[in-house]
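Not measured: the values here are computed from a predicted model.
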Amino acid sequence: MPQTKKSRISPGSVQSGATAKDAEQVSREECQAVGDGGGGEDNVGDSEIIKSPSDPKQYRYIVLDNGLRALLISDYSNQAPSEEKQSAAALCVGVGSFSDPNDLPGLAHFLEHMVFMGSEKYPSENGFDAFLKKHGGSDNASTDCERTIFQFDVQRKSFKEALDRWAQFFICPLMIRDAIDREVEAVDSEYQLAKPSDSHRKEMLFGSLAKPGHPMGKFCWVKRDAGHSGEVPNNAFSKPDFSDMPDPFDTAAFNKLYRVVPVRKVHALNITWALPPQEKYYRVKPLHYISWLIGHEGTGSILSVLRKKCWALDLYGGNSETGFDQNTTYSIFSISITLTDEGFQNFYEVTHLVFQYLKMLQTLGPQQRIYEEIQKIEANEFHYQEQNDPIEYVEDICENLQVFPKEDFLTGDQLMFEYDPTVISAALSLLNPEKANLMLLSPEHEGHCPLREKWFGTQFSVEDVQQEWMDRWTGNLELSSELTLPVENKFIATDFTLKPSDRPDTEFPVRIAESDRGCLWYKKDDKFKIPKAYIRFHLISPVIQQSAKNVVLFDLLVNILGHKLAELAYEAEVAQLEYKLSSGEHGLVIKVKGFNHKLPLLFHLIIDHLADFSAAPDVFSMYMEQLKKAYFNILIKPEKLGKDVRLLILENSRWSMVEKNQALTAGLTIEELMEFSRSLKSELYAEGLVQGNFNSTESEQFLQYVTDKLQFSKLPAEVPVMFRVVELPMKQHICKVKSLNKGDANSEITVYYQSGLKHLREHTLMELLVMHMEEPCFDFLRTKETLGYHVYPTCRNTSGVLGFSVTVETQATKFNTELVESKIEEFLVSFGELLDALTEEAFKTQVTALVKLKECEDTHLGEEVDRNWAEVVTQQFVFDRLNREIAALKQMTRVELASWFKEHRGETSRKLSVHVVGFGAEENDSDGGGKKQEGKKGKEDDVSGSTYGEVSKVTFLPASPKMAGTAAIMDIPAFTAGLPLFPYHKILE
């Protein structure tokens, strides 16, 4: 797969929670604001800014006296009177972590947090967040290598005040000493959460290979022991320029083989080159062209050959356009391959194949046919682009203002403008074996990697690439007959006409076909008017949940089906047709979307492969091995284990991840898989939804195709698409389990209150409660108590049973989970007092904010489809749920909200706490949360000697005397065995 543009929460950009950073360089700031500023004849856009024909917004570019460059966006498009639109603004400052002083690593990121903690005009520390929450808004910020971006959105009528509050942070932030000390804890927590991430670890190791003195080698996170203080002067500097530090990786250390021990169980090979900065060639996009070919998955591609040998599962190539991958000192080109066990054993052969492909590209030279095909696909997508969420849109565009000239603000990162074979050849010629860095990640390296990366403690070793291989690659490298360029793509749409309706248009989906084997819901798009469509099917089967073994066989089936489709369906993916197969709890979920012209071809391809499902022995064993790693990688995440334990207690006859892992480890055969496949397909119920640019007659054909092709019988009895839920006793219970990621300090605490079988009105009341709770929860548990970076309340709907919860992610090196639970309790007590003191006016403001959020119009068809699909997949079919919730909200009272909260508290509440306990001194672990201590022998080295924990069983921990009055759950089946079950329940009226 070629890497896609700017996945912003990529490891290259350090994300921050509801916070932000230094804006001294006024002359280098780019600001972006979107709102419905007012219609009429004065609302005329700037004609020089090239925009998509399907973009209804107007754009105006201005430069203020102080040098601030801003793009104003007016959006008055197809808005119904009853619908709201969010307004949003973003600011991109041309300074990032490259500018950190050497003695204060992480300062840019820390400042991004601190700026938001009060200003002279609005001194309240959480004042901005409180204001946004009250008016249906949100905010965020991220620090990159050379840029920092802040963004927020809010309801239109509050936009002006929000803008003033926001601007003050960059004019006179307070930076109070006490707040600084507390925020250091939050940012340290963020660093601790990042430590178990292989992508962050890989990046820090990679950065350490840069020349001494180059900012790539800096640590961009914040650790607790770094002192931060001082005044922030305001100035008019030009932005820092690092372009005089080229070739940071032109070193002997770079062109070697690095073996790395990952946190997750994964074999991966990364081949990386550091090229001169390529951003200036944005009109040609040479790296995009090369990554298109390298990342191709069709016949003749690198991945196609590797998959046939069962050596690799995935391949990504290119440049992600984050600051880490692309800045003023270099541009990265990397190829990342997920290997199988066998592929890992043959990693030199895998590398050889990559170099053979590159040699082929260099020999044949750039191909105009291929360039123009990519150009056409990108142009189609741009021409019929769907609108983006305002807050995401301003974030992207304000960064474009730093990079592109005015006419290309909206197109610069989207389009391929001109074919220039010289520029492409120049980039291609740099991708040679002598200049490559090889990084090989594998659990097998454990015990053979004596070196440690300075900040994250990653274990690694370094060696020269074997001379015989290097000689083969640099000599007269023979080409492989298996590798070829991609053929012409038959999935590219050419018909973009909007189809007329063949039945009256409806506001919500209607059932247009129904039999005892399935039904189809349909809605013709009459709002967005683009030539795209969405097709979704849920193939419901009773056999999946019969045993843990069946659930695993189902996962295997979906994985192998995906593998078999990969090569054939890749052309469709490239042509912007997307598909996704997922193993739902009660059935197979098939989703396809994109230009409707060729969409049926893709849908038929998937159903044909499901009908003729088979698995070769080598593919079967490859996915058995892959699934073991996948289950392990899920179980070592505290938040995933916490959810697994909570739902195992609440949902009756649910198979936990641990049980699935046991069934997989016990061993499965290919015969069992084929038998499962037969029984799955023999009896089904197919429920579908089609929306977009298809008429009803065409839509009915999709259900017809499914039933004709799969030839299944009707279900003997209806299959509920949910679980029955355990009614918790009227007593407080706690379930504490030890984290399965050995040595990881991260803990997670969730305190859940079960409400029971309720109706739509109570569900809406619960949402209102959680909305009221968000900001005080953040303020109390994160800002003031500094318990962790992630703290949040959630409205829970567990198979139709309502509840709410508060979650804190903390570290065992700082806090004991029981202490955190007591702090959550303190917060809930103070929140009860807040509710009692709530004024009528404040209550009304919050109700209005939630009403307006629910009235907010969909930015694109996908949002509407997701909402309707949620009704279909749960078989509730309340398509006008939002309208009903708005009606319920308008009748709610302040007293009702306060008494509702009180009902769920106290001695008789149905309260369940789930703690996933990390490793660290606060939990009495001898090893203070690090992986094995370097060089020390003895009891720190676990008996197995491995840093990989055992995930085949969960260790339950007793509660301490501090939790008096709370019963500990030490055996889940024993606890749930005697409890009553709620009947199946849907939230309908």
For this session: Just say parallel, tilted or perpendicular for the rings of Tyr289 and Tyr371, cut-offs at 30° and 60°.
Result: tilted
For this session: Measure the acute angle between the ring planes of Phe128 and Phe116, then classify it against the limits of 30° and 60° as parallel, tilted or perpendicular.
Result: perpendicular
For this session: For residues Thr411 and Phe404, determine if any side-chain heavy atom of one lies less than 4.5 Å from a side-chain heavy atom of the other.
Result: no
Problem set entry | Distance flag, aromatic centroids of Tyr122 and Phe131, threshold under 6.0 Å | no
For this session: Find out whether Glu885 and Glu767 are in side-chain contact, i.e. whether some heavy atom of one side chain is under 4.5 Å from a heavy atom of the other.
Result: yes
Problem set entry | Under-4.0 Å salt bridge between Asp420 and Arg283 | no
For this session: Please say whether the positively charged group of Lys532, taken as NZ for Lys or CZ for Arg, lies over the ring of Phe595, i.e. under 6.0 angstrom from the six-membered ring centre and within 45 degrees of the axis.
Result: yes
Problem set entry | OG1-NZ distance between Thr848 and Lys852, expressed to the nearest 0.5 angstrom | 6.5 Å
Problem set entry | Min side-chain heavy-atom separation Tyr281-Leu287 under 4.5 Å | no
Seminar exercise, completed: When rounded to the nearest 0.5 Å, the distance separating CG of Asp139 from CG of Leu132 is 5.5 Å
Exercise. Are a donor atom and an acceptor atom from the side chains of Gln576 and Asn380 found within less than 3.5 Å of each other?
Worked result: no
Problem set entry | Derivation of the side chain to side chain donor-acceptor pair (under 3.5 Å) call for Thr859 and Glu863 | CA-CA 7 Å; Thr859 47; Glu863 283 184 24; 2.5 Å; yes
Problem set entry | Donor-acceptor under 3.5 Å (Asp153 side chain, Ser87 main chain) | no
Exercise. Donor-acceptor pair, Arg182 side chain versus Thr783 backbone, under 3.5 Å?
Worked result: yes
Exercise. Measuring from Gln387:CD to Phe528:CZ, what's the distance to the nearest 0.5 Å?
Worked result: 9.0 Å
Exercise. Would you say the side-chain atoms of Glu146 pair up with the backbone N or O of Lys239, donor to acceptor, closer than 3.5 Å?
Worked result: no
For this session: Using the salt bridge (charged side-chain N to carboxylate O under 4.0 Å, His left out) rule, take Glu864 and Lys527 through it: C-alpha gap first, then chi angles, then the decisive distance, then the call.
Result: CA-CA 11 Å; Glu864 185 187 311; Lys527 178 177 178 184; 5.8 Å; no
For this session: Please confirm whether the backbone N or O of Asp325 pairs with a side-chain atom of Asn319, one donor and one acceptor, at under 3.5 Å?
Result: yes
Problem set entry | Beyond-backbone contact of Lys376 with Ile492, side-chain heavy atoms, under 4.5 angstrom | yes
For this session: Give the minimum heavy-atom separation between Leu68 and Cys31, together with the two atoms involved.
Result: CD2-CB, 4.1 Å
Exercise. Is any side-chain heavy atom of Met117 closer than 4.5 Å to a side-chain heavy atom of Glu183?
Worked result: yes
For this session: Compute the ring centroids of Phe98 and Phe242, then answer whether they are less than 6.0 Å apart.
Result: yes
Problem set entry | Separation of Ser52 OG from Phe382 CZ (nearest 0.5 Å) | 5.0 Å
Problem set entry | Heavy-atom side-chain proximity of Ile377 to Trp292 below 4.5 angstrom | yes
Exercise. Yes or no on salt bridge (charged side-chain N to carboxylate O under 4.0 Å, His left out) for Lys121 and Asp164, after CA distance, side-chain angles and deciding distance?
Worked result: CA-CA 10 Å; Lys121 184 172 176 183; Asp164 182 45; 2.7 Å; yes
For this session: Return yes if a side-chain donor-acceptor contact under 3.5 Å exists between Gln326 and Gln278, otherwise no.
Result: no
Exercise. So do the side chains of Ser99 and Pro240 get within less than 4.5 Å of each other, counting heavy atoms only?
Worked result: yes
Exercise. Looking only at atom types and distance, does a side-chain atom of Asp858 sit under 3.5 Å from a main-chain N or O of His860, one as donor and one as acceptor?
Worked result: no
Exercise. Looking only at atom types and distance, does a side-chain atom of Lys285 sit under 3.5 Å from a main-chain N or O of Leu415, one as donor and one as acceptor?
Worked result: yes
For this session: Classify the side-chain pair Tyr789/Arg782 by whether it contains a donor and acceptor separated by less than 3.5 Å.
Result: no
Seminar exercise, completed: Output for pair (Glu372 CD, Ile374 CD1), nearest 0.5 Å, gives 10.5 Å
For this session: With rounding to the nearest 0.5 Å, note down the distance linking SG in Cys398 to CG in Leu91.
Result: 7.0 Å
For this session: Please examine the side chains of Lys85 and Glu857, heavy atoms only from C-beta on, and report whether any two atoms are closer than 4.5 Å.
Result: yes
Problem set entry | salt bridge (charged side-chain N to carboxylate O under 4.0 Å, His left out) assessment of Asp46 paired with Lys406 | CA-CA 10 Å; Asp46 192 325; Lys406 174 178 167 182; 2.7 Å; yes
Exercise. Do the side chain of Glu30 and the main chain of Val403 share a donor and acceptor less than 3.5 angstrom apart?
Worked result: no
Exercise. Between His597 and Asp495, is there a donor-acceptor pair closer than 3.5 Å when you use the side chain of the first and the backbone of the second?
Worked result: yes
For this session: Spell out, as yes or no, whether a donor-acceptor pair under 3.5 Å connects the side chain of Asp525 to the backbone of Lys529.
Result: yes
Exercise. Quick one: does Asn693's side chain have a donor or acceptor within less than 3.5 Å of a partner on Lys499's backbone?
Worked result: yes
Exercise. His135 and Ser158: side chain to side chain donor-acceptor pair (under 3.5 Å), yes or no, with the steps?
Worked result: CA-CA 7 Å; His135 301 287; Ser158 308; 3.2 Å; yes
